[in-house]
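Take a look at the structure set out below.
Chain letters run A, B, ... following the sequence lines, proteins first, then strands; residues in each count from 1.
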Number of protein chains: 2
Amino acid sequence: MNPTLLIAEDDDALRDGLKDLFEAEGYDVLPTGNGRTALELWRQYRPLLIVLDVMMPELNGFEVCQQIRREDNQTPILFLTAKAQEIDQVVGLKLGGDDYVTKPFGMQALLARVEALQRRAARARAGADADAMPDEFSFGKSVVSRKRHQISRADTTVPLTLRELKLLEVFREHPGEVISRNRLLNEVWGIDYYGTTRTLDQHIVQLRKKVETDPRHPVYLLTVHGVGYRYAPP
Amino acid sequence: MNPTLLIAEDDDALRDGLKDLFEAEGYDVLPTGNGRTALELWRQYRPLLIVLDVMMPELNGFEVCQQIRREDNQTPILFLTAKAQEIDQVVGLKLGGDDYVTKPFGMQALLARVEALQRRAARARAGADADAMPDEFSFGKSVVSRKRHQISRADTTVPLTLRELKLLEVFREHPGEVISRNRLLNEVWGIDYYGTTRTLDQHIVQLRKKVETDPRHPVYLLTVHGVGYRYAPP
DNA sequence: AAACGATTGACGTGCCGCTGACAACTGGTT
DNA sequence: AACCAGTTGTCAGCGGCACGTCAATCGTTT
């Protein structure tokens, strides 16, 4: 069975275009031009991903999203927005796993976003299912607690900041692999981030202080010159 | 649907000229004279190829490239450069799949570059799909891991630098074939590389240290006098 | 205001890749 | 066989740039 996609967009021409596009890419598409039926379709079919126009009759995109999120906050939602004001609202939602595309947009851009969201959601699902997400995981000689935001080694326990925790998560998910600086920036900071590369270094420095026995000669968080970093499990 | 091209060039006349040229060739063109809108347009449309002037208001070409590469390192980027200094910077980026054209340039030359880049990108895409690119491949008595940037033999594991990894890739793709020095320089260092031939030797030396049991009497990386090198699989 | 995390700039350091000098080698010529 | 010109191997050193580090700054929260 193909992955199913719910498309709620009230412009008939655009909706048909999107339907054709995604069907050509091998998706099953549930099209609708109305917020209320969008909700009904979602309840009935539970699509893997939802594309929501913000401006729609009956229920607008935000309202639909709100309803869906009451029952399910896994399924990724991609908003189609026209005005800058709407964008702010979408961003303001800060709902994990969601994204938006501003009109007008190109088909390639939409495809790329949909696929990125799918990958992200798939990773999240896999991670959640596989180990039921225990609170703690080990890193090097230390043990990290997600809930408590802290890392313990031997007889000391140090707090972890948000960025540090996220970084550790990324390394834990790919032990032994070299992870490029760009990828780290994307995974930890998000896709549209303008910061310098010094920022990443700095956080690595802080992490090494908490993870390594001798921060000057790291054993677990290794740098790969010109590429990125690598976590060498013990 | 036509292939879409993003053209970022702050000289109005030149930009219009390029737009006409490529539209006549059957491309859809997204023109802009500004780095920031270039990024926005890229996000909205995901063009198949990007032509970037280096000198631009708001964000220069390098900065735009850097941002784009954080989310996507497939799409080819063609830089338009005016000064020799800029050229060095472009070459210095070492970003695969990119190219540059120096001003002033002829329209035909530009077209040729664009089409060459398209072909290269298409090949890369096809290749990536075809074999799902396993992480490891064997070389001689060793096993090379791309993700880890390292090579393991018997009981030792040694890190590989960028150049070494690329060289090994080239040899792996053509086992038994003699590969000329020029071809190696092209494939690993890029089309226009000015270095001496000593550079290549040097890297071969380093590689043999990591690949051969007795580096003085190589078994896998053989030199073919007057031509180049040959990888003799075990 | 104080505390904290995140970010950035400035500066020092180390590594990778490049190069020049010279030795060793190869293949061809006498 | 000896020789020679061109090519390759090896070593040591250099330079640029990526990275490590420290400290100052900014923004947010309390």
**Prompt:** Of the residues in residues 141-151 of chain B, which ones touch DNA chain D at a heavy-atom distance under 4.0 Å?
**Reply:**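 The answer is none.
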
**Prompt:** Near DNA chain D, which residues from residues 210-223 of chain A have a heavy atom under 4.0 Å away?
**Reply:**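 Of all residues in residues 210-223 of chain A, the ones placing a heavy atom under 4.0 Å from DNA chain D are R216(A), T223(A).
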
What integer distance in Å separates [X]:[atom1] from [N]:[atom2]?
| X | N | atom1 | atom2 | value |
| --- | --- | --- | --- | --- |
| L165(A) | dA6(C) | CG | C1' | 15 Å |
| L184(A) | dA6(C) | CG | C1' | 17 Å |
| H203(B) | dC16(C) | NE2 | C1' | 8 Å |
| I204(A) | dA18(D) | CD1 | P | 17 Å |
| L200(B) | dG20(C) | CG | P | 16 Å |
| L207(B) | dC18(C) | CG | P | 13 Å |
| R163(B) | dA18(D) | CZ | P | 12 Å |
| L167(B) | dC18(C) | CG | P | 10 Å |

**Request:** For Y45(B), enumerate each residue passing the ring-ring contact (aromatic ring centres under 6.0 Å, His included) test, keeping only those at least two apart in sequence or located in another chain.
**Result:** none

**Qualifying residues under ring-ring contact (aromatic ring centres under 6.0 Å, His included), relative to Y229(A), sequence neighbours excluded** = none

With sequence neighbours excluded, tell me which residues meet side chain to side chain contact (heavy atoms under 4.5 Å, CB included) with [X].
| X | value |
| --- | --- |
| D214(A) | R216(A), H217(A) |
| E115(B) | E25(B), Y27(B), L111(B), R119(B) |
| T161(A) | R163(A), E164(A) |

**Message:** What contact category does V227(B) fall into here, base, sugar-phosphate, or nothing, at under 4.0 angstrom with non-hydrogen atoms?
**Reply:** sugar-phosphate

**Request:** Using a heavy-atom cut-off of under 4.0 Å over every strand shown, decide if T199(B) touches base, sugar-phosphate, or nothing.
**Result:**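 Result for T199(B) = base.
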
**Identified side-chain contact (heavy atoms from CB on, under 4.5 Å) partner of L80(A) from the options L110(A), V54(A), L52(A)** =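 Exactly one candidate clears the test, L110(A).
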
Taking salt bridge (charged side-chain N to carboxylate O under 4.0 Å, His left out) as the definition, give me every residue that meets it alongside [X], ordered by chain and number, with sequence neighbours left out.
| X | answer |
| --- | --- |
| K103(A) | E9(A), D53(A) |
| R230(A) | none |
| R146(B) | E169(B) |
| E187(A) | R123(A), R183(A) |

Does a nitrogen or oxygen in the side chain of [X] sit under 4.0 Å from OP1 or OP2 of [N]?
| X | N | value |
| --- | --- | --- |
| T161(B) | dG17(C) | yes |
| W189(B) | dC18(C) | yes |
| R181(B) | dT8(D) | yes |

**Prompt:** Which word best sums up how the rings of F139(B) and F171(B) line up, parallel for under 30°, tilted for 30 to 60°, or perpendicular for over 60°?
**Reply:** perpendicular

**Item:** Side chain of Y229(A) - closest among dA6(C), dC19(D), dG20(D)
**Value:**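 From the listed options, dG20(D) comes nearest.
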
**Message:** Please determine whether side chain to side chain contact (heavy atoms under 4.5 Å, CB included) holds for the pair L162(B) and H149(B), giving the CA-CA distance in whole Å, both sets of side-chain angles, and the decisive distance to 0.1 Å.
**Reply:** CA-CA 8 Å; L162(B) 268 179; H149(B) 281 235; 4.0 Å; yes

**Asked** Can you find an N or O donor on one side and an acceptor on the other, under 3.5 Å apart, linking the side chain of Q202(B) with the base of dC11(D)?
**Response** yes

**Request:** For each nucleotide in nucleotides 22-30 of chain C, reading 5' to 3', give B when a protein heavy atom comes within less than 4.0 Å of its base, S when such contact involves only the sugar-phosphate, and - otherwise.
**Result:** ----S----

